[in-house]
Asks: 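Okay, handing you the structure first.
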Amino acid sequence: MNYDVIVAGGGPVGLACAISLAKDGRRVAVIERVPEPILARPPFDGREIALTHHASSWLKQAGAWQHIPSEAISPLRNARIESGHDLENATRRALLFRAPEHGPDALGHLVANHLIRGALYQAAKGQPRLTLLTGKGIAQTSGHRHEAALTLDDGTRLSSELIVAADGRFSQIRSARGIGAIVHDFHRSILVCRMRHPLPHEQVALQWFDEGQTIALLPVAPDDLPGDRSSLVLTLPPDDIARLKNLDEDAFNKDITERTQGRLGDMTLESARCVYPLKAVYAHRFEAERLALIGDAAVGMHPITAHGFNLGLKGQETLTQAIADGPGDAGASSVLRRYEWKHRLATAPLFAATNGIATVYTHDAMPILALRQAGLRFAENLAPFKNFVSGLLMDRNRAA
């Protein structure tokens, strides 16, 4: 079977890329190991995505936004960054970001990853030029001067002008094609779950660099419902995370209430507990002969900036535009070089800065602890800096 482009990986960025290319008139196949019923209704995975305005706009244009339940879309009115174990001082010295006074009324919107993935599946199903090949693994890929080839694990051979690897930060295709990657191992794991609490979160997203742990509490209820649920993102050494994952619910609730110092009252678990290793990845190259890497296969960000999916979404837009501006061959070397250059320019500074911030703000020894607290106080009083960061968080550029 022959296609214009084959996308390897049916995650959110892979599906988004396939939709973009199909809307541009190309014949696209998506290969995904997960069976179609699961792809259509993905299970809860704990991850909450802070969508920029640009990302929300793109999802609307792609026909995916309408498949996300309105009650599952949580506006982010404010964001707080705190440092230190002394809750009173940490709160007083917080760095605050607020939605602009003259609109829009939110920095962005929080939506569960599994709902975004399900919505993109529905949008993909509506594209006549897009074929979903689910429940199938990839045995081999190759790129030649005139053609890319892919062999499924059942022996089926597919060909195309281009293969797009969207198979995650530990991409097997990237490794098989000899592309290395910078892997920044933070020697930490992340536990994510939803918690209920008696005090309202008031649509505030909190990033708290406590001593010995990092806690994020993200609001997951819209305006017309009580703000009594938050997504917990807890970063600790792997052994501590494993212990917490296996605690009985009462002990877990007590532990989390103590870790959050009761700032939202007694915490009660109301979802599965999901665990992920904390490793950031940056591929040495984003392209090879008739191969392009997108999403986490190209750049797997530290979650501190909540920009992983947003960056992946922009990456697939960059690739789609490079193909549209090219000579008509989606896998032409000129197309892939243009994509490589533009996406590296967009991601390298952010990747380096994010890793640097994550390293400094999780290092508790003096004088680093005092310096990072002083840094938050200084930044809170620096309006141009806050406006610049708010602009990055919101990203109000119109979707391509």
Asks: Please report the shortest heavy-atom distance between Arg157 and Ala149, naming the atom on each side.
Replies: NH2-CB, 3.4 Å
Asks: How many angstroms lie between atom CZ of Arg188 and atom NZ of Lys279, to the nearest 0.5 angstrom?
Replies: 14.0 Å
Asks: For the side chain of Arg196 and the backbone of Glu270, is there at least one donor-acceptor N/O pair under 3.5 Å apart?
Replies: no
Asks: Could you tell me whether the side chain of Arg273 and the main chain of Cys193 form a donor-acceptor pair under 3.5 Å?
Replies: no
Asks: For residues Tyr121 and Leu132, report the shortest heavy-atom separation together with the two atoms involved.
Replies: CE1-CD1, 3.6 Å
Asks: Hey, does Val111 have a side-chain heavy atom less than 4.5 Å from the side chain of Ser74?
Replies: no
Asks: Considering non-hydrogen atoms only, spot the tightest contact between Ala297 and Asp167 and give its length.
Replies: CB-OD1, 4.0 Å
Asks: Before giving the answer on side-chain hydrogen bond (donor to acceptor under 3.5 Å, both in side chains), spell out for Tyr3 and Ser159 the whole-Å C-alpha distance, their side-chain angles and the decisive distance to 0.1 Å.
Replies: CA-CA 6 Å; Tyr3 300 91; Ser159 61; over 6 Å; no
Asks: Taking the side chain as C-beta and beyond, is there a heavy-atom pair between Phe309 and Leu51 under 4.5 Å?
Replies: yes
Asks: Could you give me the CA-CA distance, side-chain angles and deciding distance for Leu133 and Leu158, then say whether side-chain contact (heavy atoms from CB on, under 4.5 Å) is met?
Replies: CA-CA 11 Å; Leu133 300 174; Leu158 309 176; 3.9 Å; yes
Asks: Does a salt bridge link Asp153 with Lys136, judged by any charged N lying under 4.0 Å from a carboxylate O?
Replies: no
Asks: Working note: Asn253 + Glu249, criterion side-chain hydrogen bond (donor to acceptor under 3.5 Å, both in side chains); need CA distance, chi angles, decisive distance, verdict.
Replies: CA-CA 6 Å; Asn253 293 337; Glu249 284 197 22; 4.9 Å; no
Asks: Report whether Ile215 and Leu236 are members of the same hydrophobic cluster (ILVMFWY, side-chain heavy atoms less than 4.5 Å apart, transitive linking).
Replies: yes
Asks: Would you say CD of Gln172 has more than 12 non-hydrogen atoms from neighbouring residues, nucleotides or ligands within 6.0 angstrom?
Replies: no
Asks: Is there a chain of hydrophobic side chains (I, L, V, M, F, W, Y, each step under 4.5 Å between heavy atoms) that links Val34 to Phe170?
Replies: no
Asks: Assess the residue pair His197 and Ser230 against the criterion (side-chain hydrogen bond (donor to acceptor under 3.5 Å, both in side chains)); give the C-alpha distance rounded to whole Å, side-chain angles, the decisive distance to 0.1 Å, and a yes or no.
Replies: CA-CA 8 Å; His197 42 78; Ser230 293; 2.8 Å; yes
Asks: Would you say Leu234 ends up clustered with Leu247 if hydrophobic residues are merged whenever their side chains have heavy atoms under 4.5 Å apart, either directly or through other cluster members?
Replies: yes
Asks: I'd like to know if the side chain of Arg177 reaches the main chain of Glu289, judged simply by a donor and an acceptor atom lying under 3.5 Å from each other, with no hydrogens or angles considered.
Replies: yes
Asks: With the threshold set at 4.0 Å, does a side-chain nitrogen-carboxylate oxygen contact exist between Lys254 and Asp248?
Replies: no
Asks: To the nearest 0.5 Å, what is the distance between OG1 on Thr318 and CD1 on Ile323?
Replies: 11.0 Å
Asks: Roughly how far, to the nearest 0.5 Å, is the NE2 atom of His67 from the CD1 atom of Ile116?
Replies: 14.0 Å
Asks: Between the main-chain N or O of Leu206 and the side-chain N or O of Arg80, is there a donor-acceptor pair closer than 3.5 Å?
Replies: no
Asks: Checking Ser57 side chain against His53 main chain: does a donor-acceptor pair fall under 3.5 Å?
Replies: no
Asks: Return the minimal non-hydrogen interatomic distance between Ser56 and His109, and the atom names on each side.
Replies: OG-ND1, 4.0 Å
Asks: Show the nearest heavy-atom pair for residues Gly315 and Tyr339, with the distance to one decimal.
Replies: O-CE1, 3.4 Å
Asks: Kindly indicate, with the supporting measurements, whether the criterion side-chain contact (heavy atoms from CB on, under 4.5 Å) is fulfilled by Phe286 and Val299.
Replies: CA-CA 9 Å; Phe286 297 160; Val299 183; 3.7 Å; yes
Asks: Is the backbone of Arg194 close enough, under 3.5 Å, to the side chain of Ser271 for a donor and an acceptor to pair up by distance?
Replies: yes
Asks: Charged N to carboxylate O under 4.0 angstrom, Asp296 versus Arg169?
Replies: yes
Asks: Please tell me if the side chains of Leu150 and Ile138 come closer than 4.5 Å, counting only heavy atoms from C-beta onward.
Replies: yes
Asks: Between Gln213 and Asp210, is there a donor-acceptor pair closer than 3.5 Å when you use the side chain of the first and the backbone of the second?
Replies: no
Asks: Indicate if Phe44 and Leu120 have the same hydrophobic cluster label, given that clusters are the connected sets of ILVMFWY residues with side-chain heavy-atom separations under 4.5 angstrom.
Replies: no
Asks: Under a 4.5 Å cut-off applied to non-hydrogen side-chain atoms, are Ile73 and Ile68 in contact?
Replies: yes
Asks: Just verifying a value: how many Å separate Arg290 CZ and Thr141 OG1, rounded to the nearest 0.5 Å?
Replies: 13.5 Å
Asks: Any side-chain heavy atom of Val335 sitting closer than 4.5 Å to one from Asp329?
Replies: no
Asks: Is it the case that the side chain of Thr52 and the backbone of Ala55 share a donor-acceptor pair, with hydrogens and angles ignored and the cut-off at 3.5 Å?
Replies: yes
Asks: Taking the cut-offs as 6.0 angstrom to the six-membered ring centre and 45 degrees off its axis, would you call Arg263 and Trp208 a cation-pi pair?
Replies: yes
Asks: Give the intermediate values and the outcome of side-chain hydrogen bond (donor to acceptor under 3.5 Å, both in side chains) for residues Gln316 and Ser20.
Replies: CA-CA 8 Å; Gln316 65 83 24; Ser20 293; 2.8 Å; yes
Asks: Test Leu110 against Ile49 for side-chain contact (heavy atoms from CB on, under 4.5 Å), laying out the working first.
Replies: CA-CA 6 Å; Leu110 199 74; Ile49 308 300; over 6 Å; no
Asks: For the atom pair CD (Glu48) and CG (Leu218), what is the distance rounded to the nearest 0.5 Å?
Replies: 7.0 Å
Asks: Charged N to carboxylate O under 4.0 angstrom, Lys125 versus Glu36?
Replies: yes
Asks: Hey, are the side chains of Tyr282 and Thr347 touching, using non-hydrogen atoms and a 4.5 Å cut-off?
Replies: yes
Asks: If hydrophobic clusters are built from ILVMFWY residues whose side chains come within less than 4.5 Å, do Ile256 and Val204 share one?
Replies: no
Asks: Assess whether a salt bridge exists between Arg117 and Glu32, defined as any Lys/Arg side-chain N lying under 4.0 Å from an Asp/Glu carboxylate O.
Replies: yes
Asks: When you compare the side chain of Asn2 with that of Ser160, does any pair of heavy atoms fall below 4.5 Å?
Replies: no
Asks: Is the closest side-chain heavy-atom distance between Val275 and Ile190 below 4.5 Å?
Replies: no
Asks: Strictly distance-based, threshold 3.5 Å: is any side-chain N or O of Asp255 a donor or acceptor partner for the main-chain N or O of Ala251?
Replies: no
Asks: Out of Arg337, His343, Arg338, Arg344, which one pairs with Glu340 under the side chain to side chain donor-acceptor pair (under 3.5 Å) rule?
Replies: Arg344
Asks: Taking all non-hydrogen atoms of both residues, which atom of Pro238 and which atom of His187 are closest, and how far apart?
Replies: CD-O, 3.5 Å
Asks: For the pair Arg129 (side chain) and Ile19 (backbone), establish whether a donor and an acceptor sit closer than 3.5 Å, ignoring hydrogens and angles.
Replies: no
Asks: What distance do Leu278 atom CG and Asp185 atom CG have between them, rounded to the nearest 0.5 Å?
Replies: 8.0 Å
Asks: Show your reasoning for whether side-chain contact (heavy atoms from CB on, under 4.5 Å) applies to His144 and His146.
Replies: CA-CA 6 Å; His144 308 287; His146 300 294; over 6 Å; no
